[in-house]
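This report refers to the structure that appears directly beneath it.
Counting begins at 1 with the first residue of the sequence. Quick caveat: nothing in here was measured; it's all calculated off a predicted structure.
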Amino acid sequence: MQTDRLDQEALAAAVPSWVPQVRFLAETDSTNLDALRWASEGAREGCLVVADYQRAGRGRLGRSWFAPPGTCLLFTLILRPRIDASHLGLINLAAAVALCEALADQEVESSIKWPNDVNLADRKVAGVLSEHD
């Protein structure tokens, strides 16, 4: 299957101004692991890790997440929420709702499959996974 490689220049132009820094990776084990390492090194809130391919991506409940290179946008955003740990699960839901609202702004109908997937026409188009150290 022919795929387009991550266009770093186009993606960088689309990143909002509140994102202080972006790390683009052609290939990685997991953007979440890269972001956890970067966060432990002091990366600021809002820093973003973007990859074209993950060799060992993970989903909810430790499930593996695989997508061939060039077929999807894989990223992890570093957040440092100042909320009680018992409410951290709400971050997944808030991210899924925000994505559905952004799609609605583009007149694309989507839905949330509890607790962390966004669907278009009953097909998964996004998964949200929150992790913390």
Side-chain angles (χ1 to χ4, degrees):
M1 174 164 100
Q2 180 68 28
T3 60
D4 294 328
R5 300 308 250 173
L6 182 66
D7 183 341
Q8 290 183 20
E9 199 170 293
L11 191 57
V15 171
S17 60
W18 56 263
V19 173
Q21 190 174 357
V22 180
R23 285 192 177 172
F24 294 101
L25 306 169
E27 187 174 321
T28 185
D29 288 332
S30 162
T31 60
N32 274 21
L33 289 177
D34 291 320
L36 282 168
R37 278 189 226 102
W38 194 14
S40 71
E41 295 165 0
R44 294 175 32 208
E45 182 170 40
C47 286
L48 185 65
V49 177
V50 180
D52 190 40
Y53 174 62
Q54 292 185 126
R55 293 180 298 271
R58 295 182 324 280
R60 192 169 152 265
L61 303 175
R63 295 182 179 122
S64 62
W65 173 265
F66 174 77
T71 62
C72 62
L73 182 59
L74 305 162
F75 66 91
T76 299
L77 179 66
I78 297 173
L79 299 176
R80 299 185 185 280
R82 292 168 266 312
I83 61 173
D84 187 86
S86 65
H87 295 111
L88 287 174
L90 295 174
I91 292 172
N92 277 8
L93 185 56
V97 168
L99 177 55
C100 286
E101 288 179 352
L103 290 168
D105 287 347
Q106 300 300 312
E107 299 182 10
V108 175
E109 188 175 330
S110 61
S111 62
I112 297 172
K113 180 181 174 190
W114 183 262
N116 67 325
D117 293 342
V118 175
N119 290 347
L120 296 180
D122 295 324
R123 294 201 55 181
K124 180 177 178 175
V125 296
V128 181
L129 177 65
S130 297
E131 296 184 304
H132 60 88
D133 54 6

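Minimum heavy-atom separation, Asp117 to Gly127: OD1-CA, 3.8 Å. Considering all non-hydrogen atoms of both residues, Gln54 and Thr31 come closest at OE1-N, 2.8 Å. Taking all atoms of both residues into account, the shortest heavy-atom contact from Glu45 to Pro81 is OE2-N, 4.1 Å. Taking all atoms of both residues into account, the shortest heavy-atom contact from Ile91 to Ser130 is CG2-OG, 3.8 Å. What you find for Leu99 and Ala126 is that their closest heavy atoms are CD2-CB, 3.5 Å. Heavy-atom minimum distance, Gly42 versus Arg80: C-NH2, 4.1 Å.
Val118 and Phe75 fall into different hydrophobic clusters, where Ile, Leu, Val, Met, Phe, Trp and Tyr are joined by side-chain heavy atoms under 4.5 Å apart, directly or via other members. Under the 4.5 Å side-chain heavy-atom criterion for ILVMFWY residues, no single connected hydrophobic cluster contains both Leu93 and Leu88. Neither Val128 nor Ile83 shares a network with the other; the hydrophobic side chains, linked directly or stepwise wherever heavy atoms of I, L, V, M, F, W or Y lie under 4.5 Å apart, form separate groups for each. A continuous path of Ile, Leu, Val, Met, Phe, Trp and Tyr side chains, each step under 4.5 Å between heavy atoms, connects Phe24 with Leu48, placing both in one hydrophobic cluster.
In this structure, the separation between CZ on Arg23 and CG on Asp34 is 8.0 Å, given to the nearest 0.5 Å. Rounding to the nearest 0.5 Å gives a distance of 8.0 Å between OG of Ser30 and CG of Leu36.
Atom CG of Asp122 has 12 or fewer neighbouring heavy atoms from other residues, nucleotides or ligands inside a 6.0 Å radius.
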**Item:** Residues Asn92, Leu90; criterion side chain to side chain contact (heavy atoms under 4.5 Å, CB included); working and verdict
**Value:** CA-CA 5 Å; Asn92 277 8; Leu90 295 174; over 6 Å; no
**Asked** Taking it one step at a time, do Val49 and Leu77 satisfy side chain to side chain contact (heavy atoms under 4.5 Å, CB included)?
**Response** CA-CA 7 Å; Val49 177; Leu77 179 66; over 6 Å; no
**CA sep, side-chain torsions, deciding dist, call: Trp38, Arg44, side chain to side chain contact (heavy atoms under 4.5 Å, CB included)** = CA-CA 9 Å; Trp38 194 14; Arg44 294 175 32 208; over 6 Å; no
**Asked** So Leu25 and Asp52, side chain to side chain contact (heavy atoms under 4.5 Å, CB included) or not? Walk me through it.
**Response** CA-CA 7 Å; Leu25 306 169; Asp52 190 40; over 6 Å; no
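You'll find the side chain of Val50 reaches within 4.5 Å of the side chain of Val22, heavy atoms only. Within the 4.5 Å cutoff, the side chain of Arg55 has heavy atoms near those of the Glu27 side chain. Looking only at side-chain heavy atoms (C-beta outward), Cys47 and Val19 stay at 4.5 Å or farther from each other. A heavy-atom distance below 4.5 Å is not found between the side chains of Thr28 and Tyr53.
Donor-acceptor pairing under 3.5 Å is lacking for the side chains of Ser111 and Asn119.
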